[in-house]
Each structure stands twice: as structure tokens, then as C-alpha cells.
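Some notes on the structure that comes next.
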Amino acid sequence: MKKQTAGQEQLGEFAPQFAKLNDDVLFGEVWSKESELSAHDRSMITIASIISAGNMEQLDAHLRIGKDNGITKEEIVAEITHLSFYDGWPKAWSAFNRAKEIWTD
């Protein structure tokens with residue numbers, strides 16, 4: 001997995017400690033432990049958590065990361081459909097609208 005720099009780029013000047021924790025700990029240490037969970041599986045879990053919490057602002061970035069980590073269109077559709085029954089129909093609609101912009105091929 002390539003080095004994550006979004007924290008530094010987006011919040012580095014405003015919240016430097018948070019940016020460092022995001023890039024170095026969350027993505028640098030936690031996400032890099034592929035012997036425990038693959039990047040694909042971490043993305044599936046993260047996307048489900050974001051949808052469940054209704055944090056749609058963060059969803060686009062994680063959908064892109066998930067696609068880069070090998071999540072297929074069929075998998076994301078199945079995941080969002082499954083979540084719709086547990087997390088709510090409106091959240092699923094929002095997630096589908098974002099996913100269809102990323103899985104255009």
C-alpha cells in the first residue's frame with residue numbers, strides 16, 4: 001500500500017498531530033498489517049463502518065481506496081445492498097450514488 005499523505009495534505013497546518021496520527025498510525029501501522037487483514041478486507045470493513053455511521057463525507061475517499069484495493073463493482077453492490085437492511089435505505093441510496101460514480105467501468 002502506498003504511503004498515505006491525506007492527513008498532512010488536508011489538515012497538516014491546521015491539526016498537525018491529527019494529520020500525523022492519520023497518516024503514520026492509522027494508515028502507516030494499522031492498515032499495513034496485511035498478515036492480519038488484507039487491504040481488500042480492511043476496505044470492506046471501513047466502508048461498512050462509514051455507511052453505518054452515516055459519515056458520507058468520508059465515503060468517497062474510502063470507496064476509491066477500496067476500488068484500488070481490489071473491491072469489485074459486484075462486491076460493493078452486494079455490500080451496500082446488505083447494509084441497507086441493517087443501516088437504513090437512505091444511507092444505502094447515498095452510498096450507491098457515490099459508488100456508481102467510482103465504478104463506472
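Note that the structure is a prediction, hence the values are computed from the model and not measured. Only heavy atoms go into these numbers, but all of them, side chains included; no hydrogens, no water, no symmetry mates.
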Nearest-0.5 Å distance that lies between atom CG in Asn55 and atom OG1 in Thr46: 12.0 Å

Residue pair Ser84 / Ala92: nearest heavy atoms and the distance that separates them: CB-CB, 3.4 Å

Atom of Thr104, atom of Glu101 and distance for their closest heavy-atom approach: CG2-O, 3.2 Å

Glu36 vs Arg42, side chain to side chain contact (heavy atoms under 4.5 Å, CB included): CA-CA, chis, key distance, verdict: CA-CA 10 Å; Glu36 297 171 2; Arg42 285 184 195 278; 4.1 Å; yes

Interatomic distance, Asn69 atom CG to Ser38 atom OG [nearest 0.5 angstrom]: 8.0 Å

For Phe14, ring pair (Phe, Tyr, Trp, His ring centres under 6.0 Å) partners two or more places apart: none

Remaining members of the apolar cluster that contains Met44, side-chain heavy atoms under 4.5 Å: Ile47, Ile50, Ile51, Met56, Leu59, Leu63, Ile71, Ile76, Val77, Ile80, Leu83, Phe96, Ile102, Trp103

Residue list, side chain to side chain donor-acceptor pair (under 3.5 Å) with Asn22, at least two apart or on another chain: none

Sequence neighbours excluded - salt bridge (charged side-chain N to carboxylate O under 4.0 Å, His left out) pairs with any residue from residues 70-80: none

Set of side chain to side chain donor-acceptor pair (under 3.5 Å) partners for Ser52, sequence neighbours left out: Asp87

All pairs passing ring pair (Phe, Tyr, Trp, His ring centres under 6.0 Å) where residues 57-83 contributes a residue, at least two apart: His82-Tyr86

Side-chain (Thr81) to main-chain (Ala78) donor-acceptor, under 3.5 angstrom: no

Set of side chain to side chain donor-acceptor pair (under 3.5 Å) partners for Lys91, sequence neighbours left out: none

Linked hydrophobic residues, Leu37 as query - side chain contacts closer than 4.5 Å: Ile45

Residue list, side chain to side chain donor-acceptor pair (under 3.5 Å) with Lys100, at least two apart or on another chain: none

Pairs touching residues 7-21 that satisfy salt bridge (charged side-chain N to carboxylate O under 4.0 Å, His left out), sequence neighbours left out: Lys20-Asp24

Minimum heavy-atom distance Ala39-Trp31, with the two atoms named: O-CZ3, 3.8 Å

Ring pair (Phe, Tyr, Trp, His ring centres under 6.0 Å) involving Phe18 - partner list, sequence neighbours excluded: none

Pairing residues for His40 by the ring pair (Phe, Tyr, Trp, His ring centres under 6.0 Å) criterion, not counting sequence neighbours: none

